[in-house]
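Quick note on labels: first sequence line is chain A, next is B, and so on, each numbered from 1. Here the structure is a predicted model, which is why all the values come from computation and not from measurement.
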Amino acid sequence: MLDIRFIRENAEAVQANARNKACDVDITTLLKLDTDCRVLQGQVDELRQKRNDNVEKSKGGRPTPELIAEGKVIKDQLAEIEPKLKEVSAEFLGLLKKVPNMAWPDVPVGHSEEENVVVKTVGDVPKFDFIPLNHAAIAAKRDWLDKERASKVAGSRFAYVKGDMVRLQFAIINFVMDLLGDETKIAEIAKNNKLDVSTKPFVPVLPPYMIRTEVYDAMDRLEPRDERYKLENDDLWLQGSAEHTLGSMYVNEVLDESQLPIRYLGYATSFRREAGTYGKDMEGLFRMHQFDKLEIESFTTAENGLNEHLLFAAIQDYMLTQLELPHQIVQKCTFDIGKPNARGVDMNTYLPGQGKYRETHTADYMTDYQSRRMNTRVRRKSGALELVHTNDATAFALGRIMIAILENNQTADGQVKVPTALQNYLGGRTIL
RNA sequence: GGAGGAGUGGCCGAGUGGUUGAAGGCGCUACUCUCGAAAAGUAGUAUCUUGAGUAAUCGAGAUCGCGAGUUCGAAUCUCGCCUCCUCCGCCA
């Protein structure tokens, strides 16, 4: 959520930003409601002041019948205005919540995904002297993937992942935990990208997979609800990313500046209904209702937020490079970054089975947009209270990254070469 | 799931209808004292919204887990919810 005071002072820019993000909000209406609220609030406050004065007069002893009669009049007047205020406030807040975060000044304005900007292409697209298979075909040959039986048990877009592919997943997890738990590695990544950031390592976390409606909404991740799984008998949803439960950890808390940055590496199975994607990416593991993901999340001061975001993207680039996967770094345009984002970067990894780069990572910088509703603040050394800035990013979506490894590292005889960085995590094996 | 207990400021804790935004203590900050530190003393020390002011600041409203209600008046009474604790049941 944006600060209403900021909107009051920058109404035109906020409206333009919403247009650039293809968000349908009317700032004029919002500001009208804002004024209405304040007028009503003023009336209510005035009546409450009268009520308090009235009570004050009978302090210590019993109130006179006159005072009680006066009090009753005030009470009736309040009963008339307070519900109006409540109604208008609810309408106001509903509209305020719809206003998207301001895009960072360097985000390209665009009106479709096509206008995202490829910043850098890393690694060469592999050349095969045979026709490369897609990961579903490779996995089928090795009995690593069983979607048919999964569909009997759970429906479409579920799978049994088996054998060496499971070992590969755990190898990747351990690789990332070691890497992001190593301060010297983070320092190296920061230095190579000329980023002046903390080198604090990431703490691994297994978060809850379920989240309350109220908290999900405050994270601005509940919508679109069509995309979420709701638990019928409880006020709970299955999370769609560890971001949702990591970013909300400190709801209604005040952190101390000395604690920052707080950096987490969350591992969670994530759930998405994939509503409206019927028939899209049906083969293999690319788009599933359930997938495992390593996610990084951090809380920083405002002035460190942007560099943290750039570090997150640099970490993604570094890890893909370590796994020897050809990829593109894409700066997303205003249309594509998303409502709560100030800035967004994607990593698109080359998939020989599809012959194109596909999204495997995303890095989101939220500034204080999430923390404002989350009410997560930091006590600065000066004593001032400020909202924290949040960043989140994919470390690896395990399904998609294994697709990339299988397809890029396949051999003519249906084997898969293990990237050097992962060999130690697979008992020294060089081939699967 | 059943029975019982509890949730007050950064922390501990008093407070069961009327100068209680809230005693007292701890912590923290400043000052006094001291060569300095400690001790002691004095003072200060919540957040949000809103109005005035360049600002320091001042006025008003709200906040005692969350929400609703009773009342002239609610931290205090009633109802619902959440969380924690104890016991029973179930269970990886």
Side-chain angles (χ1 to χ4, degrees), chain A residues 1-9 30-97 99 206-219 222 230-237 245 248-260 262 269 299 302 368-388:
Chain A
M1 184 168 84
L2 286 182
D3 187 347
I4 183 62
R5 283 168 294 201
F6 176 84
I7 300 177
R8 278 175 209 151
E9 285 160 23
L30 177 72
L31 289 177
K32 170 77 171 60
L33 284 168
D34 174 42
T35 308
D36 291 352
C37 270
R38 279 192 287 169
V39 169
L40 284 168
Q41 185 71 57
Q43 293 171 359
V44 167
D45 283 354
E46 208 173 303
L47 281 168
R48 284 179 180 163
Q49 188 181 353
K50 275 169 82 178
R51 180 182 67 186
N52 292 344
D53 289 346
N54 185 268
V55 168
E56 186 79 5
K57 284 178 196 159
S58 57
K59 66 183 176 188
R62 294 274 128 205
T64 62
E66 289 75 28
L67 284 175
I68 289 179
E70 269 175 51
K72 282 189 176 175
V73 171
I74 298 168
K75 189 182 183 177
D76 289 344
Q77 289 171 329
L78 268 173
E80 226 170 276
I81 306 183
E82 276 179 333
K84 276 189 212 162
L85 173 63
K86 212 171 183 179
E87 195 183 312
V88 177
S89 301
E91 200 183 335
F92 165 73
L93 186 65
L95 211 54
L96 180 59
K97 278 163 32 174
V99 180
L206 295 172
Y209 289 8
M210 296 179 200
I211 181 167
R212 292 176 198 278
T213 303
E214 195 188 350
V215 178
Y216 218 166
D217 190 40
M219 275 296 282
L222 181 56
K230 174 82 174 76
L231 276 79
E232 198 182 359
N233 294 322
D234 299 277
D235 181 32
L236 289 170
W237 304 72
T245 45
S248 51
M249 261 175 106
Y250 297 105
V251 60
N252 290 323
E253 286 193 47
V254 176
L255 304 167
D256 194 86
E257 182 171 352
S258 63
Q259 293 173 264
L260 303 183
I262 294 176
T269 302
F299 303 86
D368 58 9
Y369 192 86
Q370 283 179 323
S371 61
R372 181 164 292 105
R373 270 176 78 197
M374 208 67 66
N375 193 27
T376 302
R377 294 174 296 174
V378 52
R379 173 80 64 188
R380 300 302 301 258
K381 287 196 190 91
S382 65
L385 272 180
E386 293 172 7
L387 292 166
V388 299

Can you tell me the base-pairing partner of B:U63? Count Watson-Crick or G-U wobble geometry only, both distances below 3.5 Å, and say none if there is no partner.
B:A46
Sequence-aligned protein contact record of nucleotides 48-53 of chain B, with B where the base is within under 4.0 Å of a protein heavy atom and S where only the sugar-phosphate is:
SSSS--
Using a cut-off of strictly less than 4.0 Å, decide whether A:Lys72 has a side-chain nitrogen or oxygen near OP1 or OP2 of B:G73.
no
Mark yes or no for whether A:Gln370, through its side chain, and A:Met219, through its backbone, hold a donor-acceptor pair below 3.5 Å.
yes
Measure the distance from CG on A:Leu78 to C1' on B:G61 and round it to the nearest whole Å.
11 Å
How close or far is atom P of B:G61 from atom CD1 of A:Ile81, stated in whole angstroms?
15 Å
Report yes if at least one side-chain N or O of A:Asn52 is closer than 4.0 Å to OP1 or OP2 of B:G73; otherwise report no.
no
Does A:Gln49 or A:Gly71 map to a spot on RNA chain B nearer the 5' end, using the closest nucleotide for each?
A:Gln49
Looking only at atom C1', what distance separates B:G36 and B:G61, rounded to whole Å?
49 Å
Taking 4.0 angstrom as the limit, do A:Lys72 and A:Asp76 come out as a salt bridge?
no
Could you give the CG-to-P distance, from A:Asp76 to B:U70, as a whole number of Å?
12 Å
With a 3.5 Å limit on both atom pairs, tell me what B:C33 is paired to, counting Watson-Crick and G-U wobble, or say none.
none
When rounded to the nearest 0.5 angstrom, what distance separates OG in A:Ser248 from CZ in A:Arg373?
12.5 Å
Roughly how far apart, to the nearest Å, are B:C12 and B:U54 at atom P?
43 Å
Using a cut-off of strictly less than 4.0 Å, decide whether A:Arg51 has a side-chain nitrogen or oxygen near OP1 or OP2 of B:A62.
yes
Rounding to a whole Å, what distance do you find between A:Leu85:CG and B:G61:C1'?
11 Å
Verify the contact: side-chain N or O of A:Arg212 to OP1 or OP2 of B:U83, cut-off strictly under 4.0 Å; return yes or no.
yes
Within the pair A:Arg379 and B:U47, is there a side-chain N or O less than 4.0 Å away from OP1 or OP2?
yes
So what's B:G51 paired with, Watson-Crick or G-U wobble, going by both distances under 3.5 Å?
B:C58
Taken to the nearest 0.5 Å, the spacing of A:Leu96 CG from A:Ile7 CD1 works out to 5.0 Å
On a whole-Å scale, what distance lies between the P atoms belonging to B:C58 and B:G5?
45 Å
If you measure from the P atom in B:A3 to the same atom in B:U8, how many Å do you get, rounded?
25 Å
Mind checking the P distance from B:C64 to B:A55? Whole angstroms is fine.
31 Å
Rounded to whole Å, how long is the line connecting atom NZ of A:Lys50 with atom P of B:A60?
16 Å
Compare every heavy atom of A:Ser89 with every heavy atom of A:Cys37, then report the nearest pair and how far apart it is.
SG-CA, 3.6 Å
Using atom CD of A:Glu82 as one end and atom P of B:U70 as the other, report the distance to the nearest whole Å.
11 Å
Rounding to a whole Å, what distance do you find between A:Asn375:CG and B:C66:C1'?
14 Å
Who pairs with B:G17 - Watson-Crick or G-U, where each distance is under 3.5 Å:
none
dist A:Arg380:CZ -> A:Leu260:CG (nearest 0.5 Å) comes out at 8.0 Å
Nucleotide opposite B:C91 in a Watson-Crick or G-U pair, distances under 3.5 Å:
none
May I ask which nucleotide in the shown strands pairs with B:U86, Watson-Crick or G-U wobble, both distances under 3.5 Å?
B:A3
Counting only N and O atoms by type, is there a donor-acceptor contact under 3.5 Å from the side chain of A:Ser371 to the main-chain atoms of A:Val388?
yes
Now, which nucleotide makes the Watson-Crick or G-U wobble pair with B:A38, with each of the two distances under 3.5 Å?
none
Look at A:Lys32 together with A:Asp36 and state whether they make a salt bridge at an N to O cut-off of under 4.0 Å.
yes
Which pair of heavy atoms, one from A:Gln41 and one from A:Leu85, lies closest together, and at what distance?
OE1-CD2, 3.5 Å
Expressed in angstrom and rounded to an integer, what is the separation of A:Asn252 atom CG from B:G10 atom P?
13 Å
Could you check whether any side-chain N or O of A:Arg372 sits under 3.5 Å from a backbone N or O of A:Met1, counting only pairs where one atom can act as donor and the other as acceptor?
yes
Minimum-distance nucleotide (side-chain atoms of A:Lys86 versus B:C72, B:A68, B:A62)
B:A68
Using atom P of each nucleotide, how far apart are B:U49 and B:A56 to the nearest Å?
15 Å
Base-pairing assignment for B:U70 (Watson-Crick or G-U wobble, both under 3.5 Å):
none
In whole Å, measure the gap between the C1' atoms of B:A14 and B:G7 for me.
15 Å
For B:G15 and B:A74, measure between their C1' atoms and round to the nearest Å.
13 Å
